[in-house]
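One structure below.
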Amino acid sequence: MTSSAPSRVPETGRVPTVRAALASPRLLRTEVLAGLVVALALIPEAIAFSIIAGVDPEVGLFASFTMAVTTAILGGRPAMISAATGAVALVVAPVMREHGYDHLIATVILGGLIQVALAFAGVARLMRFIPRSVMVGFVNSLAILVLMAQVPHLIGVPGLVYPMVAAGVAIIVLLPRLTRAIPSPLVAITVLTAVAVTMSLGVPTVGDEGELPSSLPSLFTPDVPLSLETLRIIGPYALAMALVGLMESLLTAKLVDDITDTHSNKTRESWAQGVANVVTGLFGGMGGCAVVGQTMVNVKVSGARTRLSTFLAGVFLLVLVVGLGDVVATIPMAALVAVMIMVSVAAFDWHSITPATLRRLPPSETFVMVVTVAVVVATGNLAIGVIAGVLVASVMFVRRVAHFTEVVDVAHPDPDTRVYKVRGELFFASSNDLVYQFDYAGDPPNIVIDLSESHVWDASSVAALDAIETKYAAKGKTVRIEGLNEASLERHRRLAGHLDAGD
C-alpha cells in the first residue's frame with residue numbers, strides 16, 4: 001500500500017499549517033480531496049455505530065460532524081479525524097438501553113467535561129508509559145479490526161459485490177502509478193458508483209445501511225434532573241467514555257506523529273476532545289473520539305497533513321448526508337469496503353512480523369505485542385487491549401529487573417568483619433529475596449552492607465533492610481549499611497525502624 005500513499009508534504013518534522021495549505025494550490029487540493037474521501041468513508045461507519053448505541057443514524061452522523069469540526073477548530077492533532085466511534089458506542093449503549101436518549105446525551109456531556117479535567121490534570125503524560133511493543137500491537141490490531149469490520153459486507157451479498165471490491169482495490173493500488181493528482185480512493189468510489197448506477201446493479205448501497213438525515217443538527221438540552229441520583233446513573237459511564245476516548249485519541253495522535261515524523265501537543269488534543277464531546281452532546285450527538293481507520297485514510301492514503309482536512313471532512317459529511325443524501329445513498333458499499341481493505345493493509349506493521357524482526361526481538365517483546373492484538377481482537381476494544389498490553393509489559397519488565405539484583409561477598413577486612421556488596425535496583429520485586437542472601441549464623445560479629453551500586457526505591461526495600469538487621473541482631477551481631485546515594489539515604493532515614501520488618 002506504500003505505493004498508494006502520496007508523499008505530497010516533505011517530512012521535515014514540522015506540521016504544515018492551514019495557512020500554508022490555503023496558500024498552496026497543490027496542498028489545498030490534497031486537503032480538500034482528502035476531506036471528501038474521509039467524509040464518504042465516515043458515513044456507513046457512523047450509521048453502524050449508531051446502531052450499536054441504539055440510536056437513530058442521524059445521532060451518529062451529527063456526532064461525526066461536530067467532533068471533526070470542533071477538534072479542527074480547537075487545534076487537535078493536525079490531520080487526525082475524530083468522529084463517532086465503536087469504542088464510545090459500546091460504552092454508552094447501556095445508558096441508552098436502560099435510561100433513554102436524554103440520559104445518553106447527559107452522559108456524553110459529562111464525559112466531555114471529565115476529559116477536559118483529565119487534560120488539565122496531565123493525563124497526556126501517561127503516554128510515555130506505553131511501550132513500543134504495545135504501540136505495534138495497537139496498530140496491528142487496528143488493521144485487523146478494520147478488516148474484520150468489512151466481513152459482514154462480504155457475506156450473503158450478490159456475486160457482483162466481489163468483482164466490484166476487487167476493481168476498487170485495483171484502482172486504489174494502480175492509479176497512483178499513473179497520477180497522484182486525485183486520491184485513488186475517491187476515484188474508486190466515483191467509478192464504482194457510476195458503474196452501479198448506470199448499469200442498475202443490484203448491490204448493497206450506503207442507503208441500505210440506514211436512513212440519512214434531512215435537516216441540520218440543532219441545539220438539544222437533555223431533560224434529566226440535576227441530582228445526585230442522575231450523577232450516580234451516568235457517572236460511571238461518563239468516566240469510562242472519557243478514559244476510553246482519551247486513550248484511543250492519544251494513541252492515534254501518537255501513531256500520526258510517527259507516520260508524519262511530526263510532534264503534536266497531547267494535552268491540547270485531550271482537552272480538545274473533551275470540548276468536542278460537550279459540543280457534540282449539546283447538538284444531540286452520541287459522542288466520539290479519534291477514528292483510527294479514517295485517520296489512516298486521511299493521512300496515509302490521501303496524504304493530508306493539516307487541520308483543514310479534518311474540518312472539511314466534517315463539513316463535507318454534513319453536506320453529503322443532508323444536502324446530497326439521495327446521491328450518497330447510491331454509493332455501493334463495495335467501493336467503501338475496497339477503501340477500508342486497503343486502509344487495513346496500509347495500517348498493518350508488516351515489518352513487525354517478518355522472520356528477521358522476530359529473531360532479533362526478545363521473546364517478551366513479541367509476546368506483549370501478541371497479547372495486545374489478541375485482547376483487542378477478542379473484545380473489539382482497542383483501549384482494553386492496550387491496557388492489557390501495558391500490564392503484561394509491566395509485569396515482564398518487573399520480573400526481568402528483579403533478577404538483576406545480586407548480593408556478593410566482596411571483602412573480609414579482619415576476622416570479625418565481612419563486607420557484602422548489593423548490586424542492582426531494590427524495589428518490591430527484588431527486595432523480597434534479599435533477606436535470604438546472607439549467612440546469619442556463619443557470619444562474623446560485624447557485617448557491612450555496601451549499597452553503592454544499588455538504589456533503594458520503595459518502602460519494601462527499607463523493610464527488607466530492617467529485616468536483615470533484625471535477623472543479625474537476634475544472633476548478637478551488628479550491621480552497618482553504607483554507600484547509599486542521596487535519594488536512597490533520605491528514604492532509608494525516613495522509614496528505617498518504622499516498618500514491620502518481620503522476623
Side-chain angles (χ1 to χ4, degrees), residues 1-8 30 33-45 47-48 81 139-199 201-209 259 291-304 309 313 328-354 377:
M1 185 59 179
T2 53
S3 62
S4 64
S7 180
R8 294 181 170 88
T30 298
L33 294 178
L36 180 57
V37 172
V38 170
L40 291 169
L42 278 173
I43 294 171
E45 289 211 352
I47 295 174
I81 304 298
V139 171
N140 290 346
S141 56
L142 150 72
I144 294 171
L145 286 184
V146 170
L147 187 62
M148 289 173 60
Q150 311 316 309
V151 173
H153 301 297
L154 298 172
I155 296 177
V157 295
L160 286 172
V161 168
Y162 304 109
M164 290 186 73
V165 171
V169 169
I171 292 172
I172 295 171
V173 173
L174 299 176
L175 183 63
R177 300 181 182 180
L178 301 177
T179 178
R180 300 190 180 207
I182 302 177
S184 55
L186 181 58
V187 175
I189 293 170
T190 304
V191 169
L192 292 181
T193 301
V195 170
V197 172
T198 56
M199 300 182 67
L201 301 179
V203 294
T205 64
V206 170
D208 296 329
E209 296 296 301
I259 292 173
V291 191
V292 195
Q294 273 64 32
T295 296
M296 292 299 99
V297 171
N298 198 43
V299 174
K300 206 164 187 179
V301 178
S302 300
S309 59
V328 172
T330 64
I331 296 175
M333 285 303 299
L336 299 177
V337 168
V339 172
M340 299 314 293
I341 287 175
M342 295 314 298
V343 167
S344 174
V345 173
F348 197 90
D349 186 351
W350 297 100
H351 177 73
S352 67
I353 60 171
T354 61
V377 172

Pairwise side chain to side chain donor-acceptor pair (under 3.5 Å) hits with a residue in residues 330-351, at least two apart: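 Of all non-adjacent pairs touching residues 330-351, those that pass side chain to side chain donor-acceptor pair (under 3.5 Å) are His351-Thr357.
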Determine, stepwise, if the pair Ile259 / Met296 fulfils side chain to side chain contact (heavy atoms under 4.5 Å, CB included). CA-CA 10 Å; Ile259 292 173; Met296 292 299 99; 3.6 Å; yes
Value rounded to 0.5 Å, distance of [atom1] in [X] from [atom2] in [Y]:
X: Leu36; Y: Leu33; atom1: CG; atom2: CG; value: 7.0 Å
X: Ser184; Y: Ile171; atom1: OG; atom2: CD1; value: 9.0 Å
X: Ile43; Y: Leu336; atom1: CD1; atom2: CG; value: 8.0 Å

Can you give me the closest heavy-atom contact between [X] and [Y], atom names plus distance?
X: Val38; Y: Gln294; result: CG2-O, 3.8 Å
X: Asn298; Y: Ala34; result: OD1-CB, 3.3 Å
X: Pro204; Y: Asp208; result: CA-OD2, 3.3 Å
X: Ser352; Y: Asn140; result: OG-ND2, 3.1 Å

Listed by chain and number, what are the side-chain contact (heavy atoms from CB on, under 4.5 Å) partners of Thr179, not counting sequence neighbours?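 Per chain and number, Thr179 pairs via side-chain contact (heavy atoms from CB on, under 4.5 Å) with Leu175, Ala181.
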Who are the side-chain contact (heavy atoms from CB on, under 4.5 Å) partners of Ser141, not counting sequence neighbours?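 For Ser141, the residues satisfying side-chain contact (heavy atoms from CB on, under 4.5 Å) (neighbours in sequence not counted) are Val373, Val376, Leu382.
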In the structure I gave you, are the side-chain heavy atoms of [X] and [Y] within less than 4.5 Å of one another anywhere?
X: Val297; Y: Ser302; result: yes
X: Val339; Y: Val301; result: no
X: Met333; Y: Val206; result: yes
X: Ile341; Y: Leu147; result: yes

Atom pairs and distances, donor-acceptor, side-chain atoms in residues 148-166, under 3.5 Å, two or more places apart:
from	atom 1	to	atom 2	distance (Å)
Gln150	NE2	Val146	O	2.9
Tyr162	OH	Leu154	O	2.5

Between the side chain of Ser309 and the main-chain N/O of Gly35, is any donor-acceptor distance below 3.5 Å?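 It does not hold such a pair.
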Name every donor-acceptor pair, under 3.5 Å, that has one atom in a side chain of residues 186-196 and the other anywhere in the protein, sequence neighbours excluded.
from	atom 1	to	atom 2	distance (Å)
Thr190	OG1	Leu186	O	2.8
Thr193	OG1	Ile189	O	2.6

